[in-house]
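Following: one structure in structure tokens, then a few remarks.
Each chain gets a letter, A, B and so on, in the order the sequences are listed, and its residues count up from 1.
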Amino acid sequence: MSRVVIIGGGPAGLACAIELRRQGVSEVVVLDREQQAGGIPRHCGHQGFGLRDLRRALSGPAYARRYVELADEAGVVVRPEAMVTGWSGEALEVTSPEGREALTASAIVLATGCRERPRAARLVPGSRPEGVFTTGLLQQLAQQELPIGRRALIVGAEHVSFSALLTLVHAGVDVVGMVTPYRRHQSLPFAGTAAALRYRTPLSTRTEVAAIHGRGRVEEVDLLELDTGRARQVACDTVVFTGDWIPDHELAVQGGIELDPGTRGPRIDAAHRTAHPGVFAAGNVVQGAEPADVAALAGKHTAAAVALWLRKGDWPARVHVSCLAPLTWISPNAVADDSPPVRRRMLLRAAAFLDRPRIEIRQDGRTLWSGTLRKVVPGRSASLPWEWTRAVDPKGGPIEVSAH
Amino acid sequence: MGTSKANTALLHTGFDAKPGTLEARLVRRGYELLSAYAPQAGIPIAAIGALLVAWDDEQLAAFPRIVAGARANGYDTIRELDVDELYRREPQLGPGARGALEVPDEGIVCPFTTPLAYATEAVLNGCELHRDTRVTGVERRGDGGFDVQTTGETFATRYLVNAAGLRSDELNRLVGHDDFTVTPRRGELIVFDKLSRPLLRHIVLAVPTGTTKGVLVSPTVFGNLILGPTAEDIERKDDTSSTAAGLAYLRREGERILPELLRHEVTAVYVGLRAATEHTDYQITIHAPEGYACVGGIRSTGLTASLGIAEHVRTELEAAGLELRPKPEPVSVSMPNIGELSPRPYEQGGRVVCFCERVTLAEIEAVLRSPIPPVDLDGLRRRTRVLMGRCQGFYCGAHVARLLQERPR
Ligand SMILES: Cc1cc2nc3c(=O)[nH]c(=O)nc-3n(C[C@H](O)[C@H](O)[C@H](O)COP(=O)(O)OP(=O)(O)OC[C@H]3O[C@@H](n4cnc5c(N)ncnc54)[C@H](O)[C@@H]3O)c2cc1C
Ligand SMILES: Cc1cc2nc3c(=O)[nH]c(=O)nc-3n(C[C@H](O)[C@H](O)[C@H](O)COP(=O)(O)OP(=O)(O)OC[C@H]3O[C@@H](n4cnc5c(N)ncnc54)[C@H](O)[C@@H]3O)c2cc1C
């Protein structure tokens, strides 16, 4: 009998579990450390979830509930309040109210998601008052109707930053501004105008938070204008650090799973196999962060390779794919066979705005693909074709992706 | 808790203290007393050993002086290691080390549990602890003793101990003495992700200069690595702000000492202020006829020396006429373990609330009902480690805020 254990019951883990049951895997267990499975969407109050995967528009909590229902109907064993606290590469050590147990599996899928880098990880100096949040924390405070603050500054201007704006406005918090070190915001074209017009929220581009001040509670933030070197102060009692994602890779590291230096998530091939036979990874643990429906589709896609592994037990060799600056990562970041990646595309990110960049993909001095993208926006994935992976020499050296 | 909650959390042998000072004696004695007390009180502690590394000829030339100083302090186990052995012990160390001194008994200790254990034991044995009560004035009573005015009530007392840390000089002046001034010396520290812990086995010390012990890298009892501290004299006694310059300096030093450390995520940044004075020793003076003990200027070794200082002050006050009768059945404390050196409650199973630090609901509930319960998030952090991990509340911040808000009062 084969048991598949999926660590993390967010969209990726649940979608993978449901598909595995559809493919006839007898025992599929999803472990999630939260009180309820469903992952991050559980506390994203706004609409727009489920378009690409469920073909409908739901609020985050409704979307999360839907996935848990679908999993139940499919016969998946979903275990909330079950945290994987250790992993030697063999048995998983599971901690739950029932105690401590060692769980073995024929295949393991890592679907532990990603988080936003908090203030300390970004080394923002100053004092350490209360009132400094990430979007993830902010959304949970809002959902549970806990106190947030009166005047907030948002750090970052990518998609999630505008979600933070909505959450703050709905919770009755004044938003004094958004700051980003980039020349423009990174969300959809109309997001910036909408923020300015509808919520009177000024966007300060080429601006950085230089320090946070306050005793007990945030009182003031020092901003630095990067082009002029000018400093200015903003009075506020709340600062929300948004975006700047890091995969929750702790368990992967503990299990000895190789990470990609670009994504800092497990290095995967197009079928979402990691370097370790029998271990797969899907969703935002692979790369931070894609929308929930994309994570769900990735989970579903992963199920095929899991089922194949259970039947055949093959683990193909692979060639690494890495990026040169200003490109930051590509996903998948290994090529093993000629199967297509999820949604038949590869995802590419850069640390800067690139206008009509020419992308080159080379192995051992040979160009596998080159072409021009319309644009690349930092914090958003551009799509690359995948068909060139068929031309990769499986015995050759690593593949490099560069932008010109 | 003032400076006691924000320091480097080393258990010093005192090998590098200035021989003959009160500090040298009390650090040594404090080391012995705390090493014995900690295990029974549930304070995480471990003598993991330190390596003091020289990075150039000048630093190497200081070794004989350091060894002689250690011997003068009664510390003989210090010994020199050659470069090969150093790198064999610490293979991740940056290139260019010239040699090292091994100090096998240097250790690490929990800076939060230690003062909290003292306070809890004091309270359980009848001490009244008035939190949020600042001393604003001291008047001498006609019959000897003092009226101590505070932001709360006024306390009449025969004996008075000034252990006001950074403000020990101000309180000293309120009592009518003026023999030292505290200049806060800021120390910034960076806490790295627990995934960095395997990089290092020992505490890696720098060769001290005249003014500071230098930047070190050390494991913590919680399983992180810390890098710091800086040393900068500042004006304000409440300015526990980190600075861009300080953090950049620490990162440069870290890059040199343990390059791989800088590839890891930063979990926290914190700042402590040393109660430095114009003198090179603790400012402990017992004014016997007055019944006043000044225990000030406890600069950068006070966590270790604490029990030694307490013993010294008690003995001196007894000599000054304070009568102490031992309690027939003193209550001892056993603090909840928040370190990674011995098993944590979650290892028996439970509802994990804080995932990064693996704090269970039962631990939080127990602390909310403890003799000195936390009144805010910071207090809860230091008693349980909630919110002190890599995500800084991204996952459990709201849950924890709710538990605190709904706590029984
Ligand atoms: C603040 C925020 C706002 C967002 N807003 C949007 C939006 O508006 N629209 C959108 O489409 N997407 C949004 N996203 C992205 C979306 O939520 C994610 O893409 C999606 O949730 C990713 O799914 P996942 O399954 O990979 O990870 P997650 O949803 O993060 O799920 C991971 C799960 O793994 C569990 N887990 C982790 N480690 C362990 C362990 N050791 N043991 C047991 N369980 C574990 C966690 O508890 C969690 O439930 C947002 C993300 C964030 C953080
Ligand atoms: C960066 C740094 C690194 C250090 N590293 C180490 C180390 O590795 N090992 C070690 O042993 N030591 C170390 N130390 C030193 C150690 O932290 C201190 O020596 C010790 O904490 C001092 O304790 P204390 O009780 O004197 O002062 P504090 O802990 O500051 O306590 C003083 C208390 O007095 C209260 N107070 C002040 N004024 C008043 C008033 N008017 N009324 C009422 N209450 C008042 C304060 O609120 C505070 O609670 C370090 C210090 C720093 C700053």
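Between B:L387 and B:V400, some side-chain heavy-atom pair lies under the 4.5 Å cut-off. The closest side-chain heavy-atom distance from A:L223 to A:L153 is below 4.5 Å. In this structure the side chain of B:L166 reaches within 4.5 angstrom of the side chain of B:P184, judged on heavy atoms. Inter-residue side-chain proximity for B:V217 and B:I226 is flagged as unmet; no heavy-atom pair is nearer than 4.5 Å. Using a 4.5 Å heavy-atom threshold, the side chains of B:L380 and B:I364 count as touching. Between A:P147 and A:L141, the closest side-chain pair of non-hydrogen atoms is not below 4.5 Å. Contact of the B:L258 side chain with the B:L199 side chain is registered, since non-hydrogen atoms from C-beta on lie closer than 4.5 Å.
Counting only N and O atoms by type, the side chains of B:D233 and B:T183 include no donor and acceptor under 3.5 Å apart.
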Check chain B and chain A for donor-acceptor pairs under 3.5 Å and report each one on its own line.
{"from": "B:D238", "atom 1": "OD2", "to": "A:R215", "atom 2": "NH1", "distance (Å)": "3.3"}
{"from": "B:S242", "atom 1": "N", "to": "A:G126", "atom 2": "O", "distance (Å)": "2.9"}
{"from": "B:S242", "atom 1": "O", "to": "A:G126", "atom 2": "N", "distance (Å)": "2.9"}
{"from": "B:S242", "atom 1": "OG", "to": "A:G126", "atom 2": "N", "distance (Å)": "3.1"}
{"from": "B:S242", "atom 1": "OG", "to": "A:G126", "atom 2": "O", "distance (Å)": "3.2"}
{"from": "B:E265", "atom 1": "OE1", "to": "A:R117", "atom 2": "NE", "distance (Å)": "2.8"}
{"from": "B:E265", "atom 1": "OE2", "to": "A:R117", "atom 2": "NE", "distance (Å)": "3.3"}
{"from": "B:E265", "atom 1": "OE2", "to": "A:R117", "atom 2": "NH2", "distance (Å)": "2.7"}
{"from": "B:E265", "atom 1": "OE2", "to": "A:R264", "atom 2": "NH1", "distance (Å)": "2.8"}
{"from": "B:V269", "atom 1": "O", "to": "A:R128", "atom 2": "NE", "distance (Å)": "3.4"}
{"from": "B:G350", "atom 1": "N", "to": "A:S96", "atom 2": "O", "distance (Å)": "2.9"}
{"from": "B:R351", "atom 1": "NE", "to": "A:E81", "atom 2": "OE1", "distance (Å)": "3.1"}
{"from": "B:R351", "atom 1": "NE", "to": "A:E81", "atom 2": "OE2", "distance (Å)": "2.9"}
{"from": "B:R351", "atom 1": "NH2", "to": "A:E81", "atom 2": "OE1", "distance (Å)": "3.4"}
{"from": "B:R358", "atom 1": "NH1", "to": "A:T85", "atom 2": "O", "distance (Å)": "2.9"}
{"from": "B:R358", "atom 1": "NH2", "to": "A:T85", "atom 2": "O", "distance (Å)": "3.2"}
{"from": "B:R381", "atom 1": "NH1", "to": "A:E130", "atom 2": "OE2", "distance (Å)": "2.9"}
{"from": "B:R390", "atom 1": "NH1", "to": "A:E250", "atom 2": "OE1", "distance (Å)": "3.1"}
{"from": "B:R390", "atom 1": "NH1", "to": "A:E250", "atom 2": "OE2", "distance (Å)": "3.3"}
{"from": "B:F394", "atom 1": "O", "to": "A:Q140", "atom 2": "NE2", "distance (Å)": "3.0"}
{"from": "B:Y395", "atom 1": "O", "to": "A:Q140", "atom 2": "NE2", "distance (Å)": "3.3"}
{"from": "B:Y395", "atom 1": "OH", "to": "A:C114", "atom 2": "O", "distance (Å)": "3.4"}
{"from": "B:Y395", "atom 1": "OH", "to": "A:D248", "atom 2": "OD1", "distance (Å)": "2.9"}
{"from": "B:R402", "atom 1": "NE", "to": "A:Q144", "atom 2": "OE1", "distance (Å)": "2.4"}
{"from": "B:R402", "atom 1": "NH2", "to": "A:Q144", "atom 2": "OE1", "distance (Å)": "3.3"}

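Per-residue counts of heavy-atom pairs under 4.5 Å with chain A were compared for B:G350, B:G349, B:A244; the largest is that of B:G350. Each of A:A211, A:A82, A:P118 has some count of heavy-atom pairs under 4.5 Å with chain B, and the biggest count is that of A:P118. Note on B:C396, B:A401, B:C391: by heavy-atom pairs under 4.5 Å with chain A, the leading option is B:C391.
For chain A, the nearby parts of B:V269 are the backbone and the side chain; heavy atoms of each come within less than 4.5 Å. Heavy atoms of A:P261 lying under 4.5 Å from chain B are absent altogether. Within the 4.5 angstrom heavy-atom criterion, only side-chain atoms of A:I40, from C-beta onward, approach chain B. Only the side chain of A:I246 comes within contact range of chain B, judged by heavy atoms closer than 4.5 Å. The contact between A:L146 and chain B is made entirely by side chain atoms (from C-beta outward), counting heavy-atom distances below 4.5 Å.
Taking the six-membered ring for Trp and the full ring otherwise, B:F222 and B:F112 have centroids separated by under 6.0 Å.
Judged by distance alone, the side chain of B:S168 and the main-chain N or O of B:G165 form a donor-acceptor pair under 3.5 Å.
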